[in-house]
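In what follows, every chain begins at residue 1, and chains take the letters A, B, ... in the order their sequences are listed. Note that this is a predicted model, so its numbers are computed, not measured.
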Number of protein chains: 2
Amino acid sequence: MARRAAKPVTRPVTQPVAPRRLGASQSATRAALLAAAETLLLESGYAAVTSRRVGAKAGLKPQLVHYYFRSMDELFLEIFRRNAEESLARMQRAVATDPSLRTLWQLNADPRGATFIIEFVALANHRKAIRSEIAAYAERFRAAQLEAVTAALAAGGISPEQLPPVAALLVMTGLSQVLTLESTLGVTTGHEETIALVERTITRLASSPNS
Amino acid sequence: MARRAAKPVTRPVTQPVAPRRLGASQSATRAALLAAAETLLLESGYAAVTSRRVGAKAGLKPQLVHYYFRSMDELFLEIFRRNAEESLARMQRAVATDPSLRTLWQLNADPRGATFIIEFVALANHRKAIRSEIAAYAERFRAAQLEAVTAALAAGGISPEQLPPVAALLVMTGLSQVLTLESTLGVTTGHEETIALVERTITRLASSPNS
DNA sequence: GTCTATACTTCGATAGAC
DNA sequence: GTCTATCGAAGTATAGAC
């Protein structure tokens, strides 16, 4: 992976950091690079996201990556933020329309999302700068979902003592993660039965006086 | 990542493949390299497992990695197989002693196991040679666990119609995966409540006539 | 059987011309 | 805003000396 920084670089003391020029964030070229990087990430994993390959995929020179992003970590973070913001917004829109457990469950089923999570968690394992960003987002996402689950369970007459909303949420999250993760591996034993069980349970919780 | 093979290399036609010598599989040096690689994988993610770093961690020359393993993929597979076999065996031993849901749940709680899974699934995302191996193992593990869950539920008087054993298994697997995954990120919101719910549910399923 | 020397590739990043 | 040129570190892998 040709680790970090080519040279220590004797930096002029008057310009403490970021002396390099950086491209505008509205640039179409920048957007193309981001799109190429995102595709690479999903198709081939984060290790495939190198400035050279991103450049090639976008039909551009690899140095442009460094012109628009201070470092590869910054590129990764930009990809993460965009997707995070977008999926948070999508979730909140969907919940605003129909604040049910089924809505949340269906949102989780997006296979792209699970692939993203895997890649970024693995990334976080050796790029500390990325870990905290992911953790912060995870908490934010959890809080927003929790609100929806709490409301949905209350509407179904389920008390928090019978079933803590946060536990219900984690069960759903865990399940959808395993299901999509295994699907990408080609393992699908038991998936059908499990999905059926979730559907039944959601229906039951939506309108019953019992756990 | 300084991708693949230094040179095409003009290979003599009489020696179609694997002309290189390989070290003995009982070698202590080999074991040291494997241990170092495994530690690196867990601590820093698969991208940190490079011949140079593995060598350094083991206090050996990086070239030795290539002497004992034909390629980095082979090293990864060796790590995977060892851990896979061992955890399958451990599970079967535990279940033989006490074939209950709680036994299975406690086995899943091992954080090492979940970290391994994350790393290898991410790896499988762009190393095809590894994917099939993981998928095959997953099916094997699933089948063994399923047997135990089926027996445990039957013993508790739960019919497969009330709760399909394979679905119960996937719920447990998904949960333990999310819990440890989030823990490594430092996110633990709701974990306590969820673990409590699982414990309660296991107790209920172990000895009751109701779903 | 075991390890060293070394080849060659790719990496991130920068400087400076256009 | 983009391209040419280039550096030095790190990557995989092989050939051949002990």
Between [N] ([atom2]) and [X] ([atom1]): distance, integer Å:
{"X": "A/H126", "N": "C/dC11", "atom1": "NE2", "atom2": "P", "answer": "14 Å"}
{"X": "B/L64", "N": "D/dT12", "atom1": "CG", "atom2": "C1'", "answer": "14 Å"}
{"X": "B/R52", "N": "D/dA10", "atom1": "CZ", "atom2": "C1'", "answer": "5 Å"}
{"X": "A/E74", "N": "C/dG12", "atom1": "CD", "atom2": "P", "answer": "14 Å"}
{"X": "B/R53", "N": "D/dG11", "atom1": "CZ", "atom2": "C1'", "answer": "10 Å"}
{"X": "B/H66", "N": "D/dA10", "atom1": "NE2", "atom2": "C1'", "answer": "12 Å"}
{"X": "A/L40", "N": "C/dC11", "atom1": "CG", "atom2": "P", "answer": "11 Å"}
{"X": "A/M72", "N": "C/dA13", "atom1": "CE", "atom2": "P", "answer": "7 Å"}

Problem set entry | side chain to side chain donor-acceptor pair (under 3.5 Å) contacts in which one or both residues fall within residues 136-146 of chain A, not counting sequence neighbours | A/E85-A/R140, A/S87-A/Y137, A/E139-B/T189, A/R142-B/E182
Problem set entry | Qualifying side chain to side chain donor-acceptor pair (under 3.5 Å) pairs, either residue in residues 54-64 of chain B, two or more places apart | B/E43-B/K57
Problem set entry | Check: B/S27 side chain, B/R30 main-chain N or O, donor-acceptor pair, under 3.5 Å | yes
Using a cut-off of less than 4.0 Å, is there contact between a side-chain N or O of [X] and OP1 or OP2 of [N]?
{"X": "A/Y68", "N": "D/dT2", "result": "yes"}
{"X": "A/T50", "N": "C/dC11", "result": "yes"}
{"X": "B/S51", "N": "D/dA13", "result": "no"}
{"X": "A/T29", "N": "D/dG1", "result": "no"}

Exercise. If you measure only the distance, is there a donor-acceptor pair under 3.5 Å linking the side chains of B/T103 and B/S100?
Worked result: yes
Exercise. So, does the side chain of A/Q63 form a donor-acceptor pair with the base of C/dA13 at under 3.5 Å?
Worked result: no
Exercise. How close do B/M172 and B/L101 get, heavy atom to heavy atom, and via which atoms?
Worked result: SD-O, 4.2 Å
For this session: May I ask you to say what B/S27 touches in the nucleic acid, namely base, sugar-phosphate or nothing, with a heavy-atom cut-off under 4.0 Å?
Result: nothing
Exercise. Does B/Y46 have its ring centroid less than 6.0 Å away from the ring centroid of A/Y46?
Worked result: yes
For this session: Decide yes or no for A/E38 and A/F116: does some side-chain heavy atom of the first lie under 4.5 Å from some side-chain heavy atom of the second?
Result: yes
Check the interface with nucleotides 16-18 of chain D: list each N/O to N/O pair with the protein under 3.5 Å, or write none.
{"unit_1": "D/dA17", "atom_1": "N6", "unit_2": "B/R21", "atom_2": "NH2", "d": "2.7"}

